[in-house]
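Excluded from the calculations below are hydrogen atoms, water molecules and symmetry mates; all remaining heavy atoms, backbone and side chain alike, are included. In the text below, chain A, chain B and the rest are named by the order of the sequence lines, each starting its count at 1.
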There are 2 protein chains.
Amino acid sequence: MDVLQQIRDKGLKVTPARLTIINELAGSHMAYSHSELETLFSKMDRVTLYRILKDFEDAGLVHKIVDVQGVTRYALCKHSCPDEHHADEHVHFNCNSCHKMFCLEKVHVPELKMPGGFKVMGLQTLIYGLCKNCNAA
Amino acid sequence: MDVLQQIRDKGLKVTPARLTIINELAGSHMAYSHSELETLFSKMDRVTLYRILKDFEDAGLVHKIVDVQGVTRYALCKHSCPDEHHADEHVHFNCNSCHKMFCLEKVHVPELKMPGGFKVMGLQTLIYGLCKNCNAA
DNA sequence: AATCTAAATGCAACAATGTTGCGTTTGTTT
DNA sequence: AAACAAACGCAACATTGTTGCATTTAGATT
Ligand SMILES: [Mn+2]
Ligand SMILES: [Mn+2]
Ligand SMILES: [Zn+2]
Ligand SMILES: [Zn+2]
């Protein structure tokens with residue numbers, strides 16, 4: 001199914017701004033910050049960008065993740081998650097040098113034992129270090 | 001060793017504001033946000049509070065952690081980490097309801113296999129759900 | 001105990017990030 | 001083509017965090 005149809009299926013209109021954003025996100029396995037997208041598409045209105053990301057998130061097209069530094073980022077949901085439990089349970093990698101964030105959908109996260117009293121509903125694993133590019137340099 | 005001496009050992013002066021903050025943090029295993037502390041100690045200057053937290057972090061008395069919502073939080077370092085590798089490698093729990101964050105120093109985090117290319121330097125595990133209080137209610 | 005000085009504080013100003021309201025424009029349906 | 005709800009653009013605002021600078025204070029020195 002193509003992105004265009006995905007957007008419409010969620011009850012959202014297909015607009016140039018939305019296409020621009022979704023195409024950028026679809027082109028990589030990276031999680032983009034608002035400011036990165038604002039730089040890439042500098043003629044786009046700030047507020048519109050915030051709303052597009054929010055709408056995509058609500059629609060389940062995109063997931064939001066906060067990086068080690070506290071910057072919130074957005075990435076395309078690849079594995080067509082079910083709507084009900086739309087948890088992006090995959091691992092993310094955060095580069096200490098270029099600060100890019102990568103979605104690692106294939107890394108398996110082992111279970112862990114929780115102490116009593118807490119009701120666990122989900123888990124985030126955030127790995128940090130150097131990405132391929134920065135490690136080479 | 002008492003907090004007072006810990007502060008002095010790091011080359012920091014012991015001031016009323018610093019004592020207030022460190023005592024609050026020492027009283028629980030929770031990670032406090034700036035705004036929570038600002039509410040608790042409303043006569044304290046905002047900037048002073050930011051600087052105290054920064055100084056404590058640099059001194060290794062406190063560790064900083066960003067919660068699921070992107071709020072940065074501070075908690076006392078209990079296990080007297082070595083200065084060089086001052087990584088707060090323990091698990092944190094974030095309550096979806098009251099949004100409090102708890103340091104779980106005793107939960108063991110299993111290793112995981114990384115794909116090639118990335119140089120792993122550390123890892124954060126963030127569990128979310130309901131805390132004891134909110135689960136009971 | 002009085003003096004000294006670097007560190008810490010308080011305040012104002014600013015920057016970055018995110019939100020809300022509202023009038024205008026546009027995508028989609030009829 | 002017309003109609004309408006959705007999306008947009010812009011201004012205004014809120015929150016979070018930073019910086020510069022004048023004043024105060026902790027702790028060391030006399
Ligand atoms: Mn992801
Ligand atoms: Mn902690
Ligand atoms: Zn990198
Ligand atoms: Zn709770």
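Residues B:Leu123 and A:Thr125 are in side-chain contact: their nearest non-hydrogen atoms beyond the backbone lie under 4.5 Å apart.
Inter-axis angle, ends of the helix from C:dA1-D:dT30 to C:dT30-D:dA1, five pairs per end, rounded to 10 degrees: 30°.
Along DNA chain D, the nucleotide nearest B:Val14 and the nucleotide nearest B:Glu38 are compared for position; the residue whose nucleotide lies closer to the 5' end is B:Glu38. Between B:Arg8 and B:Gly70, the one whose closest nucleotide on DNA chain D sits nearer the 5' end is B:Gly70.
B:Gln5 has its CD atom 10 Å from the P atom of D:dG27, to the nearest Å. The distance from atom CG of B:Leu4 to atom P of D:dA26 is 12 Å, rounded to the nearest whole Å. Rounded to whole angstrom, the span from the NZ atom of B:Lys13 across to the P atom of D:dT24 amounts to 15 Å. Straight-line distance from the CD atom of B:Gln69 to the P atom of C:dG18: 13 Å, rounded to whole Å. Taking atom CD of B:Glu36 as the reference point, atom P of D:dT15 lies 16 Å away to the nearest angstrom. In this structure, NE2 of A:His34 is placed 16 Å from C1' of D:dT15, rounded to the nearest angstrom. B:Tyr50 has its OH atom 7 Å from the P atom of D:dT16, to the nearest Å. As a whole-Å value, the separation of B:Leu49 CG from C:dC11 P is 14 Å.
B:Arg18 places a side-chain N or O within donor-acceptor distance of the main-chain N or O of B:Lys13, the cut-off being under 3.5 Å. Side-chain N or O atoms of A:Asn94 include one that pairs as donor or acceptor with a backbone N or O of A:Val68 at under 3.5 Å. A donor-acceptor pair is defined here as one N or O able to donate and one able to accept, closer than 3.5 Å; no such pair exists between the side chain of B:Lys100 and the backbone of B:Cys95. B:Asn23 places a side-chain N or O within donor-acceptor distance of the main-chain N or O of B:Leu19, the cut-off being under 3.5 Å. The backbone N or O of A:Asp2 lies less than 3.5 Å from no partner atom in the side chain of A:Gln5, so there is not a single donor-acceptor pair.
Ring centroid separation for the pair A:Tyr74 and A:Tyr32 does not come in under the 6.0 Å cut-off.
Look at B:Thr72 and you'll find a side-chain N or O under 4.0 angstrom from OP1 or OP2 of D:dG17.
The two residues A:Val120 and A:Met114 make their nearest non-hydrogen contact at CG2-CG, 3.3 Å.
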Next item on the list: Go through the steps for A:His63 and A:His92 under the test ring pair (Phe, Tyr, Trp, His ring centres under 6.0 Å), then give the verdict.
Entry: CA-CA 12 Å; A:His63 68 269; A:His92 292 92; 5.4 Å; yes

Where do N or O atoms of nucleotides 8-12 of chain D meet protein N or O atoms at under 3.5 Å, pair by pair?
from, atom 1, to, atom 2, distance (Å)
D:dC8, OP1, A:Thr15, OG1, 2.8
D:dG9, OP2, A:Thr48, OG1, 2.9
D:dG9, O6, A:Arg51, NH2, 2.5
D:dC10, N4, A:Arg51, NH2, 3.3

